[in-house]
Amino acid sequence: MNSQKKNRFKTALTVTAAGALLATSVVATQPAKPAEAASAKTKNVILFVGDGMGTAARNAIRLATVGEKGKLAMDDMPYAGLVHTSSTVPVTDSAASATAYASGVKTYNGAIGMDANKKSVKTIAEYAKEAGKSTGVVTTSQITDATGAAFGAHVEDRSKQSDIALQLLTKSKVDVLLGGGEDFWYPAGEAGKFPDAPAEDPSEKSKGTQGNLVTKAKQLGYSYVSTKDGLKQAKGGKLLGLFANEEMFQQNEEGKGDIYNPVVSLPEMTKKAIDTLSANQKGFFLMVEEEGTDEFAHENNAKMTIKSGQALDASVQVAKDFAKKNPDTLVLVLADHETGGLSIEPVDAEDETGDGISKEDGPFAIANSKESFVVDWTTSGHTAVDIPVTAMGKNAQLFTGVFENTAVFDKLMQAYGFNAKK
């Protein structure tokens, strides 16, 4: 791109971004009127976490899926805000961020359900369980990975995934657990439904440290499933589904073994979780995570970042359909942080970032048009940029403005009508 053309493009981006930010600020930072404070209590909460999915990633997913004039399910919501994502340092990891959302505290990277002094902090799911509600965690990652773990476990180090699994079963007693990570539920040398050392990733194998936790789950009354048909047929209010050794996909550079084709799709898991949890007349709390939007961004793989984001959006639509029939439900979509420093650029013969993992991806067709775009990257790690939150349903107005990640917990507590216990 020549210098003059580059400057014009950057100027246009700056003006457009500034205008968009101004418009967002006008909508999102209006102070809530007294009548808009948390009114009647929210019965059900469905919280979606697009791991690593910043504003630019949402835009890339939107352009590739519905085009410039279309709206994703996750964007077609009446309320929006911006969330600061720091932990005790400017750039957070998923563990500290999820702990902020789940328990309302800033903590160190790697902590699960603990504050910066390594003291356990009660989670929104545990408050919901105490109030008689059902709880659930759904993810395309390991169920015991950082995001899901932070809503029902308390460990000093996120790597203790078998400890996390045991706590999810016996301490927080999460009713519905659907995702990957079977390796942490079986001891070394004891393969589960998915064989050790599969061809797509020979490093995957059982490595549990707390005995056979699938057997323990069955003893505790959980129905255990590992297939799509098994999930469809499962009955009862306590459900454990493990659908992969580790993540429910293979995260690699584009064209180098990158696979996003979960045994059970995220929308299917989301629907089953909602159907199961909603049988409780007192309501429920459900956290649904798409991990691919983070893992593929770490690999600077825009194609699969978009594909996994589309699965997340389809899952959001499932929740919105439920919320429309059950207006005492709150649906939120956010991210724990941004990954990759993703940016959207015009198609051009020159790649300013050169070769290697950070080279431009694309071009990608903009839906319903003849135009295309490319995705550029600045890092293979996390960044500290703010992430958007969109909300609909009962007390969704609480999630407007610009606020810290810890405020998500406070606002969820307010929506439910819960009082935090010191």
Side-chain angles (χ1 to χ4, degrees), residues 24 45-83 136-141 147-148 178-179 247-249 251 258-262 264-274 286-297 301-325 329-340 342 344 361-362 364-369 373 375 387-393 396 399:
T24 301
V45 171
I46 308 173
L47 171 64
F48 286 92
V49 179
D51 200 316
M53 187 181 67
T55 304
R58 283 177 76 143
N59 282 331
I61 297 162
R62 174 178 60 86
L63 290 173
T65 308
V66 295
E68 290 185 273
K69 297 181 180 179
K71 283 189 177 183
L72 294 171
M74 69 177 94
D75 292 334
D76 192 15
M77 295 185 173
Y79 298 97
L82 284 173
V83 182
V137 169
V138 172
T139 178
T140 54
S141 187
T147 304
L178 302 176
E247 296 91 351
M248 294 175 68
F249 50 83
Q251 64 277 29
D258 51 326
I259 303 169
Y260 184 88
N261 187 26
V264 185
S265 73
L266 189 64
E268 289 170 329
M269 291 193 292
T270 301
K271 186 176 188 309
K272 183 66 175 185
I274 292 173
L286 172 63
M287 192 287 297
V288 180
E289 177 198 27
E290 175 53 68
E291 176 71 8
T293 44
D294 177 64
E295 296 283 357
F296 289 116
N301 183 336
K303 178 181 178 181
M304 291 301 184
T305 299
I306 291 170
K307 184 175 182 180
S308 54
Q310 290 169 331
L312 173 66
D313 198 58
S315 306
V316 173
Q317 187 60 57
V318 171
K320 289 176 68 174
D321 291 343
F322 173 82
K324 287 172 184 174
K325 296 177 181 178
T329 301
L330 169 64
V331 180
L332 299 170
V333 186
L334 41 66
D336 43 4
H337 51 72
E338 195 274 345
T339 301
L342 186 158
I344 298 170
D361 281 354
F364 299 100
I366 297 177
N368 306 313
S369 79
F373 68 95
V375 167
I387 59 93
V389 54
T390 45
M392 67 162 287
F399 293 85

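Note that these values count all heavy atoms, side chains included, but never hydrogens, waters or copies made by symmetry.
The minimum heavy-atom distance linking Ala80 with Thr390 is given by the pair CB-CG2, 4.2 Å. Nearest heavy atom pair, residue Gly50 against residue Ala335, reads O-CB, 3.2 Å. Residues Met53 and Leu334 share a closest heavy-atom pair of CE-O, 4.4 Å. When all heavy atoms of Thr55 and Pro388 are compared, the closest pair comes out as OG1-CD, 3.3 Å. Listed here is the closest heavy atom pair of Ser308 and Glu290: O-CG, 3.5 Å. Minimum heavy-atom separation, Gly292 to Thr140: N-OG1, 3.9 Å.
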(request) Output, in order, the C-alpha distance, side-chain angles, deciding distance and verdict of side chain to side chain contact (heavy atoms under 4.5 Å, CB included) for Met269 and Thr139. (result) CA-CA 8 Å; Met269 291 193 292; Thr139 178; over 6 Å; no
(request) Please step through side chain to side chain contact (heavy atoms under 4.5 Å, CB included) for the pair Asp51 and His337, ending with a clear verdict. (result) CA-CA 7 Å; Asp51 200 316; His337 51 72; 3.5 Å; yes
(request) Check step by step if side chain to side chain contact (heavy atoms under 4.5 Å, CB included) holds for Ser315 and Phe48. (result) CA-CA 9 Å; Ser315 306; Phe48 286 92; 3.8 Å; yes
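At a threshold of 4.5 Å between non-hydrogen side-chain atoms, the residues Met287 and Thr147 count as touching. At least one side-chain heavy atom of Met77 sits under 4.5 Å from a side-chain heavy atom of Lys320. Side-chain atoms of Met392 and Leu330, non-hydrogen and from C-beta on, never get closer than 4.5 Å to each other. Side-chain contact check for Val331 versus Phe322: every heavy-atom pair is 4.5 Å or farther apart.
One distance of note links CG of Leu178 with CD of Glu268; it measures 11.5 Å at 0.5 Å rounding. Atom-to-atom distance recorded for Thr305:OG1 and Tyr260:OH is 11.5 Å, nearest 0.5 angstrom.
Remark: Asp361 engages no residue in a salt bridge (Lys or Arg N to Asp or Glu O under 4.0 Å) (not counting sequence neighbours). For Ala314, the side chain to side chain contact (heavy atoms under 4.5 Å, CB included) partners two or more places apart in sequence, or in a different chain, are Pro267.
Across Ile46, Val49, Leu47, a single residue satisfies side-chain contact (heavy atoms from CB on, under 4.5 Å) together with Leu332, and that is Leu47. Considering Leu63, Val333, Leu312 as possible partners of Arg58, the one that fulfils the side-chain contact (heavy atoms from CB on, under 4.5 Å) test is Val333.
For Asp313 and Gln317, the side-chain atoms include no donor-acceptor pair closer than 3.5 Å.
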Identify each donor-acceptor pair in which a side-chain atom of residues 65-74 lies under 3.5 Å from a protein atom, sequence neighbours left out, and give them as a table.
residue: Thr65; atom: OG1; partner: Ile61; partner atom: O; Å: 2.5
residue: Thr65; atom: OG1; partner: Gln310; partner atom: NE2; Å: 2.9

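A donor-acceptor pair is defined here as one N or O able to donate and one able to accept, closer than 3.5 Å; no such pair exists between the side chain of Asn261 and the backbone of Phe249.
Using a 30° and 60° split on the angle between ring planes, Phe364 and Phe373 fall in the tilted class, from 30° to 60°.
The local environment of NZ in Lys272 is crowded, with over 12 non-hydrogen atoms from other residues, nucleotides or ligands closer than 6.0 Å.
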